[in-house]
Amino acid sequence: MRDEARSDSVLRDPRRVRPILCLRAPTGPEWVGRVLPHRNELLLEQAHLERKAASAALTFMFTHQEFAVIQVPLSELAREELSHYELVLAQMRRLGLPFARQVPCTYAASLRHVVRGREPERGLDSMLVCALIEARSCERMRLLGEALVPYDPELAAMYGDLTVSEARHHALYVELAQACYPEHDVLARLREVAEFEARVLMDSAPQPRLHG
């Protein structure tokens with residue numbers, strides 16, 4: 001019961017979460033200058049990312065249905081991600097930008113290579129990949145939001161709000177993983193996945209995307 005109360009409280013009381021990002025390599029200052037001219041494209045990408053994040057949370061509800069402790073937090077997370085999706089769509093309407101298909105960045109697909117093929121390792125790795133995606137999104141949304149202040153304060157404020165949420169989501173995925181798997185295994189594997197994520201960014205060709 002103690003673990004269930006702890007995990008169930010994360011989204012309801014975000015003060016309980018310590019949003020310390022487990023990134024192994026910081027984003028360099030040149031990234032903002034490279035992507036800022038493509039902010040409309042990044043906003044469309046953000047809509048797709050929020051929708052995919054909601055789908056990921058729902059998927060974990062089914063793949064980890066034997067863990068009752070994580071069901072409510074994942075349901076809350078999916079709803080929050082969808083609310084962010086609607087928020088981004090509202091910004092696109094304000095700016096007169098149409099919603100459209102978009103070729104995805106290679107970042108997430110590359111991260112899937114670190115996921116091991118058998119359970120329970122596959123389930124653990126999948127959660128930690130989501131944790132790292134949320135962490136990198138948090139870091140880069142903060143940079144993007146700060147850079148957008150002179151151009152579009154309203155859009156900058158949206159990214160600022162999302163930055164806080166992404167930090168919570170990162171911490172939540174780590175905590176949910178610890179509710180399903182031994183804590184020592186989670187923390188050790190988190191370090192390995194974080195190292196892999198840093199190499200993916202280092203080896204990827206630059207793209208005008210949040211994770212590019």
Side-chain angles (χ1 to χ4, degrees), residues 3-23 43-90 99 102 104-105 107-112 114-116 119-141 158-159 161-181 183 185-187 189-190 193-194 197 209-211:
D3 287 344
E4 184 170 354
R6 180 194 63 183
S7 295
D8 192 46
S9 70
V10 172
L11 281 177
R12 294 189 180 124
D13 184 5
R15 293 171 298 178
R16 291 175 58 92
V17 177
R18 293 174 297 170
I20 300 173
L21 305 183
C22 301
L23 298 173
L43 190 58
L44 173 61
E45 182 196 27
Q46 191 65 44
H48 286 288
L49 292 176
E50 299 294 350
R51 188 175 56 173
K52 290 176 182 177
S55 176
L58 291 172
T59 297
F60 283 123
M61 290 177 66
F62 287 94
T63 60
H64 289 69
Q65 57 188 292
E66 69 272 26
F67 297 101
V69 65
I70 71 173
Q71 294 299 308
V72 170
L74 285 170
S75 177
E76 293 176 339
L77 176 59
R79 291 198 300 273
E80 186 171 15
E81 298 286 18
L82 284 176
S83 72
H84 293 166
Y85 173 59
E86 295 170 4
L87 182 67
V88 176
L89 291 180
F99 183 80
Q102 188 180 53
C105 180
Y107 170 81
S110 297
L111 284 185
R112 285 198 289 269
V114 80
V115 177
R116 291 168 288 184
E119 298 294 353
E121 291 85 1
R122 178 166 53 192
L124 170 60
D125 291 352
S126 297
M127 277 194 176
L128 296 182
V129 164
C130 284
L132 267 296
I133 291 174
E134 298 282 359
R136 186 62 68 183
S137 297
C138 174
E139 180 213 32
R140 291 193 166 182
M141 283 184 203
M158 185 203 74
Y159 278 112
D161 290 342
L162 291 179
T163 295
V164 176
S165 297
E166 299 297 289
R168 285 193 292 106
H169 297 171
H170 163 70
L172 175 62
Y173 269 119
V174 175
E175 184 164 332
L176 295 182
Q178 290 172 325
C180 300
Y181 307 98
E183 182 174 355
D185 293 347
V186 172
L187 297 179
R189 187 58 175 164
L190 179 59
V193 175
E197 189 270 348
R209 301 292 174 82
L210 186 68
H211 301 119

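No experiment lies behind these values; they were computed from the predicted model shown.
- Considering every non-hydrogen atom in both A135 and L21, the closest pair reads O-CD1, 3.6 Å.
- For the pair Q71 (side chain) and H64 (backbone), a donor-acceptor distance under 3.5 Å is present.
- Counting heavy atoms from C-beta on, the side chains of F67 and L176 never come closer than 4.5 Å.
- For the ring pair (Phe, Tyr, Trp, His ring centres under 6.0 Å) test, residues two or more places apart in sequence or in another chain that qualify with Y107 are H211.
- With Q65 contributing its side chain and F62 its backbone, the two residues share a donor-acceptor pair below 3.5 Å.
- Scanning for salt bridge (charged side-chain N to carboxylate O under 4.0 Å, His left out) contacts around R209 gives E41, with sequence neighbours left out.
- Contact record, L124 with Y181: N-OH, 3.3 Å, taken as the closest heavy-atom pair.
- Heavy-atom minimum distance, L77 versus L172: CD2-CD2, 4.1 Å.
- With values rounded to the nearest 0.5 angstrom, E183 atom CD is found 10.0 Å from E175 atom CD.
- For the atom pair OG (S165) and CD (E81), the distance works out to 8.0 Å, reported to the nearest 0.5 Å.
- Across all non-hydrogen atoms, the minimal contact from C22 to A194 is O-CB, 3.2 Å.
- Residue pairs meeting the salt bridge (Lys or Arg N to Asp or Glu O under 4.0 Å) criterion with at least one partner in residues 121-135, sequence neighbours excluded, are R116-D125, E119-R122, D125-R189.
- From L49, atom CG reaches atom CD of E166 across 8.5 Å, with rounding to the nearest 0.5 Å.
- Here the straight-line distance linking atom NE2 of H170 with atom CG of L132 works out to 7.0 Å at 0.5 Å rounding.
- The minimum heavy-atom distance between L43 and V88, with the atom names listed, is O-CG1, 3.4 Å.
- In this structure E197 satisfies the salt bridge (charged side-chain N to carboxylate O under 4.0 Å, His left out) test together with R136, sequence neighbours excluded.
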Requested in this report: Using the side chain to side chain contact (heavy atoms under 4.5 Å, CB included) rule, take L162 and Q46 through it: C-alpha gap first, then chi angles, then the decisive distance, then the call.
Outcome: CA-CA 10 Å; L162 291 179; Q46 191 65 44; 4.3 Å; yes

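- The line from CD of E80 to CZ of R168 is 4.5 Å long, rounded to the nearest 0.5 Å.
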Report task. Walk me through it: do C105 and L210 pass the test side chain to side chain contact (heavy atoms under 4.5 Å, CB included)? Result -> CA-CA 9 Å; C105 180; L210 186 68; over 6 Å; no

Indicate every side-chain donor-acceptor pair of residues 51-61 with a distance under 3.5 Å to a residue at least two apart or in another chain.
from: R51; atom 1: NH2; to: H48; atom 2: ND1; distance (Å): 3.2
from: T59; atom 1: OG1; to: S55; atom 2: O; distance (Å): 2.9

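- Residues forming a side chain to side chain donor-acceptor pair (under 3.5 Å) with E45 (at least two apart in sequence, or on another chain): none.
- Going from atom CE of M127 over to atom CD of Q178 covers 11.0 Å, rounded to the nearest 0.5 Å.
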**Report entry** Chi angles and distances behind the side chain to side chain donor-acceptor pair (under 3.5 Å) call for S75, R79
**Finding:** CA-CA 6 Å; S75 177; R79 291 198 300 273; 2.8 Å; yes

